[in-house]
Amino acid sequence: MSPKVFFSVSMSLDGFIAPASTDELMGQRWMELQGWAFRQRFFRENLKLGTGGEEGPDNAIMAETFRRTGASVMGKRMFDAGERMWPEDPPFHTPVFVVTHQEREPWVRPGGTTFHFVNDGIESALARARDAAGDRDVRIAGGGATIVEYLNAGLVEEFTIALAPVLFGSGIRLFESVDAGRLAVAPVRAEPTGEVTHLTFAVADR
Ligand SMILES: NC(=O)c1ccc[n+]([C@@H]2O[C@H](COP(=O)([O-])OP(=O)(O)OC[C@H]3O[C@@H](n4cnc5c(N)ncnc54)[C@H](OP(=O)(O)O)[C@@H]3O)[C@@H](O)[C@H]2O)c1
């Protein structure tokens, strides 16, 4: 199979992927959204959070998402939040392309993650990520604004949402300003695990 461009995020029942301010990350609502991930062995080991953790279907899905990803693309707000919170050895272990207006030299981290700062748009970032990923997939890691840019440009082929049993009421919406007239989505898979429901869709032009 040829490599795909995909995203995979946790979303609240009412469509939010984060609180409005990155200062609220790690707060109560964030943990209600992402708690399922923090309980998984793969996630805990990859983020150096400690030993132990669940080894059921959520863990397997996380490990598979990591395995298939040869490079990631992310927006600057996600990067800024992560720069404050990731361990010295960030959890990507591949090249990561940050779409941003800010010029910055590549940031090489231990463990195989290098952040490249791309100032000439989402298509350029994706082309570089495809080259870096080889025969593996490219993950549009987030956040919402960057995912929607890629969706609206017709560049996302598949996505998975871990639908978490929490209501946010406000925050960063996943599909804010999505071009609904352009995109058609078709269900591929639904996997309820008891923690969240993993919903996978294929994306095509209408
Ligand atoms: N729930 C989940 O699974 C999940 C997953 C990932 C992220 N998140 C959350 O999502 C939040 C961030 O999302 P967000 O929507 O606020 O922001 P974002 O998509 O991470 O970043 C947006 C920023 O990226 C830069 N950018 C995007 N497109 C660009 C372009 N074409 N050219 C130049 N620069 C461009 C701009 O920053 P500059 O102008 O400053 O360069 C823009 O303000 C964080 O809180 C993060 O934790 C949640």
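When reading the values below, keep in mind they use all heavy atoms of this one structure, side chains included, and skip hydrogens, waters and symmetry mates. One-based numbering, in listed order, for ligands and for the atoms of each.
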If you measure every N/O of [X] against every N/O of ligand 1, is any gap under 3.5 Å?
{"X": "Ala145", "value": "yes"}
{"X": "Gly121", "value": "no"}
{"X": "Gly143", "value": "yes"}

Report the part of [X] (side chain from C-beta onward, or backbone N, CA, C, O) that has a heavy atom under 4.0 Å from ligand 1; answer both or neither where that applies.
{"X": "Gln34", "value": "side chain"}
{"X": "Ile172", "value": "side chain"}
{"X": "Phe16", "value": "neither"}
{"X": "Thr22", "value": "side chain"}

- Please verify whether a non-hydrogen atom of Ala81 lies at under 4.0 Å from ligand 1.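 Heavy atoms of Ala81 never come under 4.0 Å of ligand 1.
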- Can a non-hydrogen atom of Trp30 be found less than 4.0 Å from any atom of ligand 1?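 So Trp30 counts as touching ligand 1.
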For [atom], what's the nearest protein heavy-atom neighbour? Residue, atom name and distance, please.
{"atom": "atom 3 (O) of ligand 1", "answer": "Ser10 N, 2.9 Å"}
{"atom": "atom 6 (C) of ligand 1", "answer": "Ala141 O, 3.2 Å"}
{"atom": "atom 9 (C) of ligand 1", "answer": "Ala18 CB, 3.7 Å"}
{"atom": "atom 37 (O) of ligand 1", "answer": "Lys76 CB, 3.5 Å"}
{"atom": "atom 25 (C) of ligand 1", "answer": "Val99 O, 3.2 Å"}
{"atom": "atom 8 (N) of ligand 1", "answer": "Ile17 CD1, 4.1 Å"}
{"atom": "atom 33 (C) of ligand 1", "answer": "His101 CE1, 3.3 Å"}
{"atom": "atom 47 (O) of ligand 1", "answer": "Leu25 CD1, 3.6 Å"}

- Query: Do Asp137 and Thr69 have side-chain N/O donor and acceptor atoms under 3.5 Å apart?
  - Reply: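 Their side chains do not contain a donor-acceptor pair, so the 3.5 Å distance test is not met.
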- Distance only, no hydrogens: is a donor on one side chain within 3.5 Å (strictly under) of an acceptor on the other, for Thr114 and Trp107?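 Checked: Thr114/Trp107 side chains show no N/O donor-acceptor pair below 3.5 Å.
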- Item | Residue pair Val148 / Ser177: nearest heavy atoms and the distance that separates them |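 Heavy-atom minimum between the residues: CG1-O, 3.8 Å.
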Ion pair [X]/[Y], N-O distance below 4.0 Å:
{"X": "Asp80", "Y": "Arg84", "result": "no"}
{"X": "Glu64", "Y": "Arg139", "result": "no"}
{"X": "Arg39", "Y": "Glu195", "result": "yes"}
{"X": "Asp89", "Y": "Arg109", "result": "no"}
{"X": "Arg29", "Y": "Glu32", "result": "no"}
{"X": "Lys4", "Y": "Glu158", "result": "yes"}

Would you mind listing which atoms of ligand 1 come within a distance below 4.0 Å of any non-hydrogen atom of [X]?
{"X": "Glu149", "answer": "27 (C), 28 (N), 29 (C), 30 (C), 31 (N)"}
{"X": "Gly144", "answer": "13 (O), 14 (P), 15 (O)"}
{"X": "Thr146", "answer": "18 (P), 19 (O), 21 (O), 27 (C)"}
{"X": "Val9", "answer": "2 (C), 3 (O), 5 (C)"}

- Query: With respect to atom 34 (N) of ligand 1, which of Thr100, Ile161, Ile147, Asp120 exhibits the smallest heavy-atom separation?
  - Reply: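 Selected option, by shortest heavy-atom distance: Thr100.
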- Item | Winner among Met74, Arg77, Arg173 once heavy atoms are compared against atom 14 (P) of ligand 1 |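 Nearest option to atom 14 (P) of ligand 1, by heavy atoms: Arg77.
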- Message: Tell me whether atom 42 (C) of ligand 1 lies less than 4.0 Å from at least one protein heavy-atom position.
- Response: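 Protein heavy atoms within 4.0 Å of atom 42 (C) of ligand 1 - there are none.
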- ring pair (Phe, Tyr, Trp, His ring centres under 6.0 Å) partner of Phe92, chosen from Phe66, Trp86, Phe79: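 Filter result, single survivor: Trp86.
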- Item | Candidate pair Ile147 and Val9, rule side chain to side chain contact (heavy atoms under 4.5 Å, CB included), full reasoning | CA-CA 10 Å; Ile147 286 172; Val9 295; 3.7 Å; yes
- Crowding at CD, Glu123 (>12 non-hydrogen neighbours, <6.0 Å):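 Atom CD in Glu123 is not packed in, count stays at 12 or less.
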- Is Asp135 atom CG crowded by more than 12 heavy atoms from other residues, nucleotides or ligands, each under 6.0 Å away?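 Open: at most 12 neighbouring heavy atoms sit under 6.0 Å from CG of Asp135.
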- Does Arg68 make a cation-pi contact with Phe6, if we ask for NZ or CZ under 6.0 Å from the ring centre and within 45° of the axis?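 Because its charged atom sits under 6.0 Å from the ring centre and within 45° of the axis, Arg68 does stack over Phe6.
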